[in-house]
Amino acid sequence: MTLSTTPTRRRLHRAWFVAAVAFVAILGAAGFRATPGVLITPLQEEFGWSAGTISLAVSINLVLYGLTAPFAAALMDRFGMRRVVAVALLLIAAGSGLTVLMTASWQLLLFWGVLVGLGTGSMALVFAATVVDRWFVRHRGLVTGVLTAAGATGQLIFLPVLAQLAMGPGWRFASLTVSGAALAVVPFVWWLLRDRPEDVGTTALGAEPDAVRTLPGKVNAAVRAVTVLASAARTRPFWLLAGGFAICGASTNGLVGTHFIPAAHDHGMAEPVAAGLLAIIGIFDIVGTVASGWLSDKIDPKVLLGVYYALRGLSLMVLPSLFAATTEPSMLIFIVFYGLDWVATVPPTVALCRRIYGADGAVVFGWVFGSHQVGAAFAAVAAGLTRDHLGAYDLAWYGAGALCLLASGMSVAIGHARAR
């Protein structure tokens, strides 16, 4: 009897294909996340709206982006990720596309704020957390980092293009580009994304073959989201996580993501150059976030958060002295450093929510992410008003830096025990 020496070819687990589709979907939704900073100056020049008015639209968008997340997590549990994500992408496409027709500031609040806020909120980081929870037992931290980095990759792809379109053909072409990108992703989501491993006759990557089957939830999505919040809100770790993540949102999306380009423009830097610097942040954000996901599987996540927030705070306090009409080496050092830290906070935060709150971890993270966006919304408006009244952004940078140092202490104070 002759034994075959041909090695058995191992098939790639379906979880990796689901993660790839999720990456593309988050990538497509990221275009609008890159748009506000590029369009503030063109909208001011065409309509005469103040920075405060435009920042209010950004603020509404950021609040809905966050507060939609826990309900989206519950909806994904009830109706499936594929349906929720497809509808979310259609909302983004509609909101972005309709902005080209606006003539009044209230329309900006509706299209840019409400429609896109609801769409991107359903495509927020809670989507990544849900994919990881359902499809992965091994490599959870790493995959969370990769999916989180998809948003940064979207920024890297879209931001320089949108800046050039806004300066050349006009901001309307930029908005239509985002709308088209969101629509292009819908077929991939509908045809290729699957809600649970059991839908294709398999188990999560790393799960035992006889693992308990996960069934769709039958509880009303809104009821479950609120119930989970009520339970988590009675625990100390929730408030420490939510408070720290609110400061995270204020110091990233709300401040740097929204106001870095106009702040650089105040110092004589061309907008495409400033947009290019934000794109570089996106490049290094990919590296930092994936590395953070890997580290979250090996190091206590609360320690990682403490370090990340402290370094971010110190860097923001240095930033006002770095702005100039040209890109100096000191600014490039800041961009690289800040990029590595941009959303490195997400994988350890997801890991802590999962560790402390178990099966409710994704929904709890949705609420924690909601606080992230409330903080971002506050910072977007506060920084705009600071610029309107003081003529410069300096106070906003210093204030955000001090808050990040506070977040560092809050993170280290998070306990080890599971919440009851």
Side-chain angles (χ1 to χ4, degrees), residues 9-30 68-93 119-151 153-154 181-219 221 224-225 293 346-347 350 353-354 358-363 365-366 369:
R9 190 174 181 179
R10 297 181 62 185
R11 296 180 58 187
L12 192 63
H13 195 283
R14 183 63 179 266
W16 295 113
F17 292 99
V18 172
V21 175
F23 185 95
V24 173
I26 295 171
L27 189 78
T68 302
F71 297 95
L75 285 170
M76 288 177 191
D77 190 53
R78 180 70 178 85
F79 298 106
M81 294 185 293
R82 182 172 64 165
R83 292 174 181 170
V84 173
V85 172
V87 171
L89 288 166
L90 291 175
L91 279 175
I92 294 169
T120 53
S122 300
M123 287 290 300
L125 297 176
V126 70
F127 173 44
T130 302
V131 169
V132 172
D133 282 349
R134 291 186 184 179
W135 281 90
F136 292 87
V137 173
R138 287 202 311 269
H139 309 305
R140 278 180 164 176
L142 177 62
V143 177
T144 299
V146 171
L147 293 182
T148 301
T153 305
L183 283 176
V185 178
V186 173
F188 290 95
V189 169
W190 193 255
W191 292 331
L192 301 176
L193 187 64
R194 290 296 178 266
D195 295 317
R196 289 175 169 80
E198 295 80 11
D199 294 344
V200 289
T202 187
T203 57
L205 178 63
E208 297 297 328
D210 57 349
V212 178
R213 174 183 171 86
T214 58
L215 298 173
K218 296 182 179 180
V219 179
R224 181 169 182 237
V346 173
V350 172
C353 288
R354 184 186 301 119
D360 291 330
V363 179
F365 176 70
F369 182 71

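- Ala182 and Leu89 get closest at one heavy-atom pair: CB-O, 3.7 Å.
- Side-chain contact check for Val143 versus Trp16: some heavy-atom pair is nearer than 4.5 Å.
- For Val84, the side-chain contact (heavy atoms from CB on, under 4.5 Å) partners are Leu75, Met76, Ser122, not counting sequence neighbours.
- Across every non-hydrogen atom of Thr130 and Met81, the tightest pair is CG2-SD, 3.8 Å.
- What you find for Leu192 and Arg14 is that their closest heavy atoms are O-NH2, 4.1 Å.
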side-chain contact (heavy atoms from CB on, under 4.5 Å) between Leu183 and Ile92, intermediate numbers included: CA-CA 8 Å; Leu183 283 176; Ile92 294 169; over 6 Å; no

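- Between the side chain of His139 and the backbone N or O of Thr144, no donor-acceptor pair lies under 3.5 Å.
- Remark: the backbone N or O of Arg134 is not paired with any side-chain donor or acceptor of Arg196 at under 3.5 angstrom.
- Trp135 has its ring centre no less than 6.0 Å from the ring centre of Phe17.
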Begin from the C-alpha positions of Phe365 and Val346 and carry the test side-chain contact (heavy atoms from CB on, under 4.5 Å) through to its verdict. CA-CA 10 Å; Phe365 176 70; Val346 173; 4.2 Å; yes

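- Between Val132 and Val350 the shortest side-chain heavy-atom distance does not fall below 4.5 Å.
- Between Leu205 and Ala15, the closest heavy-atom pair is CB-CB, 4.1 Å.
- Closest heavy-atom contact between Ala22 and Leu147: CB-CD2, 4.1 Å.
- Contact record, Val186 with Ala86: CG2-O, 4.3 Å, taken as the closest heavy-atom pair.
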